[in-house]
Amino acid sequence: MLSYSSCMLPAVAALLVTCHALPECPGNTELPEIPALSQRDGLIGQSHLSNGFRGQLGSLVSPPRRNRLPWENGLPNSLDTDPRDVIADLKHRLCRLEGVLVLNEKIRKVGDKIFASNGKKADFASALGSCEEAGGTLATPMNEEENKAVLSFVKQYNQYAYLGIKESETPGQFKYINSMPLSYTQWYQYEPNGKGTEKCVEMYTDGSWNDKRCNLNRLIICEF
Ligand code: MMA
Ligand code: CA
């Protein structure tokens, strides 16, 4: 039998993929509200969602989209069968979950990235493994705003953290875990200085970076 998570994961994954093109959470004020059903009538038949996405939802919800009948207005969202309402309901529920996680300081959202920490410590390989097992990777700040978000976890747990950066075969040259060259750095003064002996990178409690041996215990911060 299919588990709840195996049923929901494709739909949620498809939803997240298309999230950037859809209205965001209320409270993120730069983005528009979800249009009322009546305003959306003109969209029938020209949905911007991919065929694959509609196909996935089609297997979960039926009948195909139609306008609500007058007596259906005001039904709880949980009884919606129109894919547009199903999507709006899923978005609403995701927004509420994210709100709880932000409020409880479990996650930081920066643009499309979500940073999270479980407050635990591990060596570099184990930390990376934990992040990947959860569907993410090690936190890899690529601009000042992301660096500050990662720093806020370092301060929250008062622990240095490993970043998703490693030394390349060329000593002193560092790259992202996916082998791409760094586009943003925040080295502490005179760092990196390990010259091939410190192949990982830790973040200090002021947000600056130090190349460091990979076998130490450092805070696990992931990005998703
Ligand atoms: C330690 C170690 C290095 C760092 C220096 C800075 C002595 O080595 O943390 O990675 O560059 O301190 O003084
Ligand atoms: Ca160093």
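Order of appearance sets the numbers: ligands from 1, and atoms from 1 within every ligand. For the numbers below, each heavy atom of this structure counts, side chains included, while hydrogens, waters and symmetry mates do not.
Within ligand 1, the atoms closer than 4.0 Å to a non-hydrogen atom of Asn193 are 11 (O), numbered from 1 in the order shown. Of all the atoms in ligand 1, the ones that sit under 4.0 Å from a non-hydrogen atom of Asp211 are 10 (O).
With the Ca ion (ligand 2) as vertex, Asn210 OD1 and Glu191 OE1 subtend 70°, rounded to 10°.
For atom 9 (O) of ligand 1, a protein heavy-atom neighbour is present inside the 4.0 Å cut-off. Protein non-hydrogen atoms do not reach within 4.0 Å of atom 12 (O) of ligand 1.
For Ser183 (side chain) and Pro181 (main-chain N/O), no donor-acceptor pair under 3.5 Å exists by modelled atom type. Between the Thr197 side chain and the Gly194 main chain, a donor and an acceptor come within less than 3.5 Å of each other. At distances below 3.5 Å, not a single donor-acceptor pair connects side-chain atoms of Tyr162 with backbone N or O atoms of Asp123.
Exactly one of Glu223, Glu146, Gln156 qualifies for a side-chain hydrogen bond (donor to acceptor under 3.5 Å, both in side chains) with Arg108. That residue is Gln156.
With respect to the Ca ion (ligand 2), Asp211 has OD1 as its nearest N, O or S atom. When the N, O or S atoms of Glu198 are ranked by distance to the Ca ion (ligand 2), OE1 comes first.
On a distance-only criterion, Asn210 and ligand 1 share at least one N/O pair closer than 3.5 Å.
Ion pair Glu198/Arg213 not flagged as a salt bridge, since none of the NZ, NE, NH1 or NH2 atoms sits closer than 4.0 Å to an Asp/Glu carboxylate oxygen.
A centroid separation of less than 6.0 Å is found between the aromatic rings of Trp187 and Phe174. When ring centroids are compared, Phe115 and Phe153 stay outside the 6.0 Å threshold.
Ranked by closest heavy atom to atom 6 (C) of ligand 1, the top entry among Glu191, Arg213, Lys212, Glu198 is Glu191.
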